[in-house]
Amino acid sequence: MLVLVVNCGSSSLKYQVRELEPGADGGTVLTSGLIENIGSSRIQDHTQALELLAGRLETELDGRSVDAAGHRVVHGGERFSAPVLATPEIIRDIERLVPLAPLHNPAAVLGLRAVQKTWPHLPQVCVFDTAFHRTMPEHVWRYAVPERFYEHWGIRRYGFHGTSHDWVTGQAAAFLGIPREQFRAVVAHLGNGASVTAIRDGRSYDTSMGYTPLAGLVMGTRTGDLDPSVVTAVLRRDPEMTPERLDAVLNKESGLRAVAGDHDMRAVQEAAERGDERAELALEMAAYRLAKYVGGYHVAVEGAQALVFTAGIGENAAPFRKRVCDRLGALGVRLDDDANAARARGTRRISAPGSALEVLVVPTDEEQAIAAATAALVAG
């Protein structure tokens with residue numbers, strides 16, 4: 001089966017085609033690419049982008065046709081707890097969730113409809129970033145706010161990066177030889193956007209992101225956890241500050257960028273090594289926040305068996321991993337400095353013998369997870 005994996009942004013379309021054998025997890029990548037500048041004079045909309053993609057695939061796949069399309073959809077709200085086959089009603093339901101993800105769900109809807117128009121009979125599957133976290137118990141996902149906030153506006157904790165957390169959980173459990181349903185871990189998905197999830201019995205029990213991806217860890221350009229009164233104080237004191245402008249500041253001008261002057265962890269690390277005090281402060285803030293979550297989630301899952309690092313920073317930033325693990329001595333975490341510093345591919349152990357928690361680096365592959373889910377649903 002050839003599965004087209006689609007990740008639509010407001011002005012871009014990232015794609016990958018995988019060939020899957022029956023029973024395979026994620027298959028072989030046949031081709032991948034990115035179409036940018038959607039909405040410009042060159043590519044007017046997502047439908048035109050899909051027409052361009054269809055032409056590319058005709059050449060890149062030597063005339064073979066894709067059998068299904070899998071879409072990453074950021075927000076499934078309370079409606080979706082698992083991948084679903086896309087129908088007109090499902091697409092309308094995703095559109096109704098736009099207020100919960102105004103930057104992401106509209107692009108997903110455009111992508112779904114564009115594929116539908118380009119390949120009318122092609123099965124499409126929606127894989128939701130929030131779905132993995134639907135197993136969080138109510139006392140975890142509730143906010144202590146008036147009931148109408150939840151009933152009228154759906155204000156609760158949803159969590160994100162679910163496709164990655166789900167995939168990495170399965171890979172880590174398999175690597176350690178622990179049945180997934182018995183696996184307890186803390187998984188840190190660290191990229192420009194970052195989140196950490198408490199895994200209990202192989203499922204999401206708690207996660208750092210909340211109503212939006214703004215909550216939790218210090219990120220590349222996002223604040224992470226913030227006293228809500230900061231928002232009201234700024235709005236009262238700055239007459240030119242609007243809710244929209246403040247939202248942009250908190251999401252795009254904060255985090256590492258605000259403290260160190262750069263959102264790229266590599267640049268911040270290099271600056272810290274040159275003695276830049278602001279860069280050092282930013283790294284300490286980010287590491288402390290993550291270590292604090294790890295400690296809390298260790299308690300939440302009643303004793304984690306593993307700490308798992310994944311995504312761009314988690315997989316590649318050895319100095320940051322060490323900075324975090326050095327704060328976890330109270331949990332009995334011991335890092336193997338040589339294993340941590342080694343440039344290696346694939347899932348690997350970086351904890352020292354005798355560490356109370358296994359510390360792993362597990363590469364994430366959200367496209368592979370989406371392709372596998374799509375193939376399973378279409379074939380089933």
Side-chain angles (χ1 to χ4, degrees), residues 1-9 11-38 42-43 45-74 82-86 104 107-129 131 161-168 170-171 174 189 191 310-312 315-316 344-347 362-380:
M1 178 183 291
L2 297 192
V3 177
L4 170 65
V5 178
V6 180
N7 188 345
C8 278
S11 61
S12 66
L13 188 156
K14 183 181 178 183
Y15 70 91
Q16 188 181 94
V17 177
R18 287 181 179 259
E19 183 168 20
L20 291 92
E21 300 296 332
D25 279 339
T28 303
V29 178
L30 300 182
T31 186
S32 61
L34 178 67
I35 298 174
E36 299 181 283
N37 301 314
I38 300 174
R42 188 175 70 87
I43 306 175
D45 53 28
H46 284 73
T47 298
Q48 191 174 351
L50 258 295
E51 292 171 356
L52 178 62
L53 174 58
R56 281 191 189 181
L57 295 183
E58 182 72 24
T59 301
E60 294 170 355
L61 299 178
D62 294 324
R64 300 175 68 188
S65 299
V66 296
D67 300 299
H71 294 256
R72 175 182 179 244
V73 182
V74 166
V84 295
L85 281 167
H104 299 95
V109 169
L110 291 170
L112 285 158
R113 288 182 172 150
V115 170
Q116 194 174 54
K117 186 173 181 179
T118 305
W119 295 293
H121 304 294
L122 186 71
Q124 298 190 79
V125 172
C126 302
V127 181
F128 300 91
D129 243 13
H161 294 147
T163 306
S164 174
H165 284 294
D166 187 10
W167 172 262
V168 168
Q171 296 295 303
H189 174 108
T310 191
E315 294 170 34
N316 299 299
R345 294 180 178 272
T347 298
V362 179
T364 191
D365 195 334
E366 293 173 273
E367 288 81 8
Q368 187 170 351
I370 292 169
T374 299
L377 201 56
V378 171

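Worth saying up front: this structure is predicted, and the values here are computed from it rather than measured. Just so you know, these numbers use all the heavy atoms, side chains as well, and skip hydrogens, waters and symmetry mates.
The closest side-chain heavy-atom distance from Val127 to Val73 is not below 4.5 Å. At least one side-chain heavy atom of Thr310 sits under 4.5 Å from a side-chain heavy atom of Glu315. Within the 4.5 Å cutoff, no side-chain heavy atoms of Gln124 are placed close to those of Trp119. In this structure, the side chains of Leu50 and Lys117 stay at 4.5 Å or more apart for every pair of heavy atoms. With a 4.5 Å cut-off on side-chain heavy atoms, Asp45 and Leu110 do not count as touching. In this structure the side chain of Val17 reaches within 4.5 angstrom of the side chain of Val66, judged on heavy atoms. Between Val29 and Glu19, the closest side-chain pair of non-hydrogen atoms is not below 4.5 Å. Side-chain contact between Val3 and Asp67: absent, with no pair of heavy atoms (C-beta onward) separated by less than 4.5 Å.
A tilted orientation is assigned to the rings of His165 and His189, their planes being inclined by 30° to 60°.
Distance check, rounded to the nearest 0.5 Å: SG of Cys8 to CD1 of Ile38 gives 6.5 Å. One distance of note links CD1 of Ile35 with CG of Leu53; it measures 5.0 Å at 0.5 Å rounding. Between the CD atom of Gln116 and the NE2 atom of His121 there is a distance of 11.0 Å, given to the nearest 0.5 Å. A distance of 14.0 Å separates OG1 in Thr118 from CZ in Arg113, rounded to the nearest 0.5 Å. To the nearest 0.5 Å, atom CD of residue Glu58 and atom OG of residue Ser65 are 7.0 Å apart. From Ile370, atom CD1 reaches atom CG of Asn7 across 6.5 Å, with rounding to the nearest 0.5 Å.
Side-chain atoms of Thr374 never come within 3.5 Å of backbone atoms of Val125 as a donor-acceptor pair (strictly under, hydrogens ignored). Side-chain atoms of Asn316 come within 3.5 Å of backbone atoms of Gly312 as a donor-acceptor pair (strictly under, hydrogens ignored). A donor-acceptor distance shorter than 3.5 angstrom exists from the side chain of His46 to the backbone of Gly9, with no hydrogens or angles considered.
Listed here is the closest heavy atom pair of Ser164 and Thr364: OG-OG1, 2.7 Å. When all heavy atoms of Ala371 and Leu20 are compared, the pair lying nearest together is O-CD2, 3.9 Å. Here the shortest heavy-atom pairing between Leu34 and Ser12 reads CD1-CB, 4.2 Å. Here the closest non-hydrogen pair linking Leu112 and His71 is CD2-CD2, 3.4 Å. Between Arg42 and Gln48 the shortest heavy-atom distance is O-NE2, 3.2 Å. Of all the heavy atoms in Leu122 and Ala68, the pair that sits closest is CD1-N, 3.5 Å.
In the model, Thr31 has a side-chain atom that pairs as donor or acceptor with a side-chain atom of Glu60 under 3.5 Å.
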After noting the C-alpha distance and the side-chain angles of Arg64 and Leu30, does the key distance pass the side chain to side chain contact (heavy atoms under 4.5 Å, CB included) rule? CA-CA 11 Å; Arg64 300 175 68 188; Leu30 300 182; 4.2 Å; yes
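With sequence neighbours excluded, the residues satisfying side-chain contact (heavy atoms from CB on, under 4.5 Å) with Asp365 are Arg18, Trp167, Glu367, Gln368.
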